[in-house]
Number of protein chains: 2
Amino acid sequence: MEAVNAEIITIGDEILYGQIVDTNSAWMGTELTKLGIKVKQMTSISDSAAHITAALDDAKTRADIILITGGLGPTKDDLTKDVLTAYFHTSLKLHEPSLADIAAIFEKRGIEVTELNRQQAFLPESCTPVRNVLGTAPGMWFEQEGKVYVSMPGVPFEMKRMMTDIVLPNLKAHFKTPEIIHKVIQTIGIAESILAEKLEEWELALPPHIKLAYLPYLAGVRLRLTGAGDDATILEQELQTEVEKLSQIIPKYIFAYGEVNLEEAVGNLLKEQHLTIATAESCTGGYLAHKFTSIPGSSAYFMGSIVAYHNDVKIRELHVNPETLQQHGAVSEATVREMAENVRKKFNTTIGVATSGIAGPDGGTPDKPVGTIWIAYADEHKTVAKLLNYNKNRLLNIEYTALVALNLIRQSLAATVDE
Amino acid sequence: MEAVNAEIITIGDEILYGQIVDTNSAWMGTELTKLGIKVKQMTSISDSAAHITAALDDAKTRADIILITGGLGPTKDDLTKDVLTAYFHTSLKLHEPSLADIAAIFEKRGIEVTELNRQQAFLPESCTPVRNVLGTAPGMWFEQEGKVYVSMPGVPFEMKRMMTDIVLPNLKAHFKTPEIIHKVIQTIGIAESILAEKLEEWELALPPHIKLAYLPYLAGVRLRLTGAGDDATILEQELQTEVEKLSQIIPKYIFAYGEVNLEEAVGNLLKEQHLTIATAESCTGGYLAHKFTSIPGSSAYFMGSIVAYHNDVKIRELHVNPETLQQHGAVSEATVREMAENVRKKFNTTIGVATSGIAGPDGGTPDKPVGTIWIAYADEHKTVAKLLNYNKNRLLNIEYTALVALNLIRQSLAATVDE
């Protein structure tokens, strides 16, 4: 089956100047992919007639579907409608239903329709208007030489409503598309290159219609298997089989399947095992607690945290032995173990986790350079400490420490299960 | 003076599938615009040799500078380096300094350099390598027929570091661009539309070579004045004059000039006034402490935090009166005032700040819907409480609460100064 290809063109100087991040394209990319339509290119251009025309000419050499957002406002710097009218050799004509929609919006605001907005109801004769119930700019659906062109406003909630209600269903009906299924496997604690070596043999044996992508992040790699075929059931089975093979090669690095982040995966483990947790944070400064509490329902297992940024707080609130700080310093295995054990007792939780390190950019010493970070996990059976030597920049050091701490919890809980 | 044009090409299926939002392009667009370089197009394409080549051919018809990110990983789905090697009719050669950088990264991790990563040190002979101190993929700077092509990794923090340290300064030196000066004025607590009304008269009176941009964010608007001219000294004076006029129109909404964020501005106030602070957090769950501790040197004024996510912790650690919780609930003015006052006493700081609210999506009630959030500020003279009703989503509610809490501190300290 021929793959159906799409391209997305977003129009507006504010995107090129970096004043807004173009989130429309990613959203449309996700929705088209779900329909099994392959997005070949995303293009952002300025409100220039020549450039819009060139972008259309370029896009139609690769794509069957061209989705355009932006440049439909009522002001004179919005050119998209006039450019499309010329591009398809047609002319503007008043579209009464659109005028009625625009009038309704102004009635809500209790004001008269302005002449500028009235002009928005004039649409190219050769297009099928796409209704916009949330704004004054109707969309336009054109067909030419078997290709479909759809123009929509750049306002995200207007575009999304039009895509969901009208454009996506019509594209699905208009084009025969192959089934596309994605499987995401989340790993942590292994570098992309080492992962690739471990998976090489299996990856080379993948059938041609199943592809693997490596999506690295700070502490691991997201793996994405994408399969294309005619029968969704068979494809789902094929992908499931490959995911199982993969899981057997790198079991201990996988923390979740699908779009689940690490703090959510750890939260689920804590919930399933009816455990509670508290954190004692120096270098992460509350960020680890934030990771836990960013998950809805985390109050079921996360009791709280003591951010002991100052040594007095480590002594007064976490009862770290002053001699420990004296002898070993705040950034030491001895200190972080006491912090984890004591916060667990203090908050009466099953688990206590602690961090203490030098996030930088200042505070490093020859024997403890910036990036020297201690993490400890404590439960009723054991206390485990881990030393990190990692230095990108302050915020990344904090983020990385939180991820490694979460993974240390995950590994301890997994081990508990294995026993 | 001829305008210098640039295009940005981002490579990666994950962008086209909509699995990640391309934030690199917006960041590069902002930085290029600051140099007075005009971005003509942003293009996102897949890891396909033919498509990458076509995109380069297309881009060079419009641009003097072509910046490329992505596709430099060590795995076989990363094609950019090979495509560029062929595109510029050159060949790969081992670049020793890059190999040394890669080796250093692996040494830190305490593991051997893999063969895949070693191959990343082989670079096209005709390029000038762009050093990457944060990752294993070096960048490449090519020049051909007066045009500059730069390839960088897609990992945002690696790309940003390379752009800031090497690529942007070299582009500025290589191309003749007009003098461009930017002045950023940071505001908080005022909506864009109201700000625009207050500034309208002044904005209309701006000379034609000075432009104002409104860059709204969660809790306010960043204002950017951009001036273009031939004489930097005169331009600097003109801009300074306009910034002073502006400041007199909206003094109490401005928290900083230049690229200073709110937590840094508040941190500076605390440092200047030799004050110390501690936080007691329920709904922000440690995020407010993270905001403070994300600033280097914050240990000078930030003592710590008690994240009291569970009511037991509010009672045991923050000594909130059980009757207060009983009568008014955890999300109440009475509770948040006690939290702020008690954390201040407990940590022996000059200031205590507390948050308690319903971040959602669950936990709302008819009289206290999701987004009901109380914030309190306490010092030796007074305790001030503030109620928020704001509901976007859990993470935005948390972020917004932290920003309003920081602004409450700023306003209190500014008032102290005025007295």
Side-chain angles (χ1 to χ4, degrees), chain A residues 15-23 25-30 33 39-46 58 192-194 196-197 213-216 224 285-290 292-294 296-297 299 302-310 313 317 347 360-362 389-390 392-396 398, chain B residues 13-23 25-30 33 39-46 51 58 73-75 77 108 114 116-117 134 155 157 213 215 285-290 292-294 296-297 299 302-310 313 317 347 361-362 394-395 398:
Chain A
I15 297 170
L16 299 174
Y17 294 159
Q19 292 183 356
I20 65 165
V21 174
D22 168 29
T23 55
S25 294
W27 187 87
M28 290 191 281
T30 307
T33 303
V39 177
K40 300 286 283 184
Q41 181 168 314
M42 296 170 172
T43 311
S44 299
I45 59 177
S46 62
D58 186 43
E192 180 178 14
S193 55
I194 298 166
E197 280 180 359
Y214 291 79
L215 313 176
R224 192 191 59 230
Y287 187 71
L288 183 54
H290 167 61
F292 278 108
T293 55
S294 66
S299 55
F302 184 79
M303 294 300 107
S305 175
I306 288 178
V307 179
Y309 218 56
H310 194 287
V313 181
E317 300 299 324
F347 282 25
D362 311 316
N389 291 296
Y390 182 89
K392 292 226 152 74
N393 66 45
R394 185 177 180 86
L395 286 179
L396 290 172
I398 291 170
Chain B
D13 288 333
E14 66 276 18
I15 298 170
L16 299 174
Y17 285 131
Q19 296 199 344
I20 65 166
V21 174
D22 168 29
T23 53
S25 295
W27 186 87
M28 290 190 282
T30 307
T33 304
V39 177
K40 299 287 284 185
Q41 180 167 315
M42 296 170 173
T43 311
S44 299
I45 59 177
S46 63
H51 201 160
D58 187 40
T75 57
D77 57 334
K108 250 200 215 130
T114 67
L116 278 173
N117 290 102
L134 299 178
V155 182
F157 67 85
L215 312 173
Y287 187 70
L288 183 53
H290 167 62
F292 277 107
T293 56
S294 66
S299 54
F302 184 78
M303 294 300 109
S305 175
I306 287 178
V307 179
Y309 218 55
H310 194 289
V313 181
E317 300 300 324
F347 283 28
D362 311 317
R394 184 178 180 85
L395 287 179
I398 291 170

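For the numbers below, each heavy atom of this structure counts, side chains included, while hydrogens, waters and symmetry mates do not. We name chains A, B, ... by the order of the sequence lines, and we start the count at 1 in each one.
Interface remark: A:V313 contributes side-chain atoms only to the contact with chain B (heavy atom separation under 4.5 Å). Contacts between B:D22 and chain A at a heavy-atom distance below 4.5 Å involve the backbone alone (N, CA, C, O). Residue contact with chain B, scored on non-hydrogen atoms closer than 4.5 Å, involves the side chain of A:L396 exclusively. In this structure, chain A has heavy atoms under 4.5 Å from both the backbone and the side chain of B:F347. The contact between A:T33 and chain B is made entirely by side chain atoms (from C-beta outward), counting heavy-atom distances below 4.5 Å. In this structure, chain A has a heavy atom under 4.5 Å from the side chain of B:L395, while its backbone stays farther away. Both the backbone and the side chain of B:I306 come within less than 4.5 Å of a heavy atom in chain A. For chain B, the nearby part of A:L215 is the side chain; its heavy atoms alone come within less than 4.5 Å.
Looking at A:T30, its side chain does come within 3.5 Å of a backbone N or O of B:G18 through a donor-acceptor pair. With hydrogens and angles ignored, the 3.5 Å screen pairs no side-chain donor or acceptor of B:R394 with any backbone N or O of B:D362.
You'll find the side chain of B:L16 stays beyond 4.5 Å of the side chain of A:K40, heavy atoms only. Taking 4.5 Å as the limit, every side-chain heavy atom of A:M42 sits out of range of all side-chain heavy atoms of A:M28.
Taken from CD1 in A:I398 to NE2 in A:H290, the straight-line distance is 12.0 Å, to the nearest 0.5 Å. Rounded to the nearest 0.5 angstrom, A:Q19 CD and A:I15 CD1 are separated by 11.0 Å.
Contact count against chain B (heavy-atom pairs under 4.5 Å) is highest for A:S44 among A:S44, A:G304, A:S299, A:A196.
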